[in-house]
Chemist: 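Below is one structure. I have some questions about it.
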Amino acid sequence: MRQIQIGNVTETVVERADYPPQRLQTILGPETVAVLGYGVQGRGQSLNMKDNGIKVIIGQREKTRSWDLAVQDGWVPGQTLFPLEEAAQRGTIVQYLLSDAGQKEFWPRLKPHLTAGKALYFSHGFSIVYSDQTGVVPPKDIDVILVAPKGSGTTVRRLFLEGKGINASFAVHQDATGKARERALALGIAIGSGYLFETTFQKEVFSDLTGERGVLMGAIYGLWLAQYEVLREHGHSPSEAFNETVEEATQSLYPLIAENGMDWMYANCSTTAQRGALDWFRRFRDAAKPVFEELYRKVAEGEETRRVLEANSRSDYRQQLEKELKEVADSEMWQAGAVVRSLRPERAAKSKG
């Protein structure tokens, strides 16, 4: 474990080296980890644990695309792949990785299988923090833990295969056995985390819901769209508007910021870009901060959760979602994006080959 100092705040982070393979086996060797849900997180986390020598079984609804995908990935029906309830009954650690709406729906069928001494694992604090809406209240005689990778399950798997690790947070909500923390940390490393930082279920879900609606997805797309539309309305071509809005950001600047920080980026760009960025970032901060304050308040008050559960529970949710996503895909901005991406050097080289 390592102490890190950020300003006047000291944090403790857990690193992969703290939980080498032998220690993982000591802690998790006696366990059977039942991963309920073979979506993006379930797939990535379960495959990584399997590769780390952990005994893993999958619980998934039969006759679904995810069931078929699990079979393609090598999980064997009746041996390592089971219907949801059977997997929950067999597991000593149950990773509850269904969608948030799915967790609410399945909870009455899961709860009887959460017998004394088991651990219930989440990768999102949603169901526990908003239990007044989800009904998810675990028995008192089990551990309730969380490991939340800071990225999609696809990234969790990709970084693991590259020998790297994703950042993740961990939390203990309930320690009935005295080993909840060790279980959480061992699982965090086993699923492919490079390092883990401690949080609470509430802080994880508040930050996650704010982030994905904010700079991770919602806000960044809103900013991109606003700039793209302004450039187009002033006569710039679709490809120019897209290149100046998205392509340069994602392919050039963001990777450099990730590697070296924003201060380095400012110090290593043209003086014109440098002056403009320094003059304008506060204007954008001041314009956006009230929106983020409103967003955080709605997350904390549970309003965002209610909207998610209501929307995801509608019988026509999938059709409406596909309609909304199609509108994005069919917009000029992302049509331009498809063309620009096809012109990237690596893609052009593949097409020639």
Side-chain angles (χ1 to χ4, degrees), residues 37-44 64-66 68-69 97-105 124 126 133 150-155 158 205 207-254 284 287-299 302-344 347 351:
Y38 204 67
V40 179
Q41 281 294 344
R43 186 187 190 196
T64 62
R65 285 181 293 180
S66 293
D68 294 340
L69 180 59
L97 300 182
L98 301 178
S99 69
D100 295 323
Q103 288 184 15
K104 176 184 178 182
E105 177 189 356
H124 190 26
F126 190 105
Q133 297 180 45
K150 299 298 104 179
S152 76
T154 301
T155 309
R158 181 186 300 136
V205 76
S207 61
D208 189 75
L209 291 179
T210 300
E212 63 196 12
R213 284 153 177 75
V215 297
L216 300 179
M217 295 175 69
I220 198 65
Y221 180 39
L223 284 171
W224 284 349
L225 198 56
Q227 178 171 301
Y228 180 89
E229 289 176 353
V230 167
L231 290 174
R232 289 289 289 121
E233 288 161 7
H234 286 271
H236 297 267
S237 70
S239 61
E240 182 173 55
F242 187 86
N243 272 295
E244 290 295 339
T245 300
V246 179
E247 191 74 355
E248 184 174 354
T250 58
Q251 298 305 298
S252 176
L253 303 188
Y254 291 177
F284 284 105
K289 193 169 181 180
V291 180
F292 277 96
E293 290 285 2
E294 179 186 1
L295 169 57
Y296 192 88
R297 175 179 57 78
K298 289 185 175 181
V299 167
E303 186 174 336
E304 286 299 301
T305 315
R306 279 187 287 274
R307 294 195 324 109
V308 168
L309 292 174
E310 288 171 6
N312 290 3
S313 298
R314 293 179 192 141
S315 59
D316 65 344
Y317 172 72
R318 180 58 57 181
Q319 295 93 318
Q320 289 300 317
L321 174 63
E322 290 175 357
K323 181 180 177 182
E324 289 180 272
L325 294 177
K326 189 174 187 302
E327 288 177 0
V328 174
D330 289 346
S331 68
E332 184 191 89
M333 180 175 173
W334 292 108
Q335 288 179 353
V339 173
V340 171
R341 287 193 299 274
S342 73
L343 298 174
R344 290 176 188 165
R347 299 230 177 154
S351 67

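Only a predicted model underlies this, so the values are computations on that prediction, with no experimental measurement involved.
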Chemist: Looking at NE2 of His124 and CG of Asp100, how far apart are the two atoms once the value is rounded to the nearest 0.5 Å?
Modeler: 4.5 Å
Chemist: Measure the spacing between CG of Leu321 and CG of Leu325 and express it to the nearest 0.5 Å.
Modeler: 4.5 Å
Chemist: I need the minimum non-hydrogen distance between Ala336 and Tyr228, along with the two atoms involved.
Modeler: CB-OH, 4.1 Å
Chemist: Atom CD of Gln227 and atom CE of Met333: how far apart are they, to the nearest 0.5 Å?
Modeler: 8.5 Å
Chemist: More than 12 non-hydrogen atoms from neighbouring residues, nucleotides or ligands closer than 6.0 Å to OH on Tyr221, yes or no?
Modeler: yes
Chemist: In this structure, are over 12 heavy atoms from other groups packed under 6.0 Å from Arg307 atom CZ?
Modeler: no
Chemist: Could you pull out every donor-acceptor pair under 3.5 Å between side chains of residues 211-220 and any protein atom, sequence neighbours left out?
Modeler:
{"residue": "Arg213", "atom": "NE", "partner": "Glu304", "partner atom": "OE1", "Å": "2.6"}
{"residue": "Arg213", "atom": "NH1", "partner": "Leu209", "partner atom": "O", "Å": "3.4"}

Chemist: So which heavy atom on Trp224 is nearest to which on Thr245, and how close?
Modeler: O-CG2, 3.3 Å
Chemist: Check Val291 against Ala287 and note the closest heavy-atom contact, atom names and distance.
Modeler: CG2-O, 4.1 Å
Chemist: For residues Gly153 and Gln41, report the shortest heavy-atom separation together with the two atoms involved.
Modeler: N-NE2, 3.3 Å
Chemist: Got Arg344 and Glu247 here, is their nearest side-chain heavy-atom distance under 4.5 Å?
Modeler: yes
Chemist: Which residues pass the salt bridge (charged side-chain N to carboxylate O under 4.0 Å, His left out) test with Glu324, sequence neighbours left out?
Modeler: none
Chemist: I'd like to know if Glu294 pairs up with Lys298 as an ion pair, taking the criterion as any Lys NZ or Arg NE/NH1/NH2 lying under 4.0 Å from an Asp or Glu carboxylate oxygen.
Modeler: yes
Chemist: Measuring from Gln251:CD to Asn243:CG, what's the distance to the nearest 0.5 Å?
Modeler: 10.0 Å
Chemist: For Ala329 and Gln335, which heavy atoms make the closest approach, and how far apart are they?
Modeler: O-CG, 4.0 Å
Chemist: Is a side-chain donor or acceptor of Thr210 paired with a backbone partner of Ser207 at a separation under 3.5 angstrom?
Modeler: no
Chemist: Considering non-hydrogen atoms only, spot the tightest contact between Leu98 and Gly37 and give its length.
Modeler: CD2-CA, 3.7 Å
Chemist: Is there a side-chain contact between Phe242 and Ser237, using heavy atoms and a 4.5 Å cut-off?
Modeler: no
Chemist: Report the distance from atom CZ of Arg314 to atom CG of Leu309, rounding to the nearest 0.5 Å.
Modeler: 11.5 Å
Chemist: Using 0.5 Å steps for rounding, measure from the CG atom of Leu295 to the NZ atom of Lys289.
Modeler: 14.0 Å
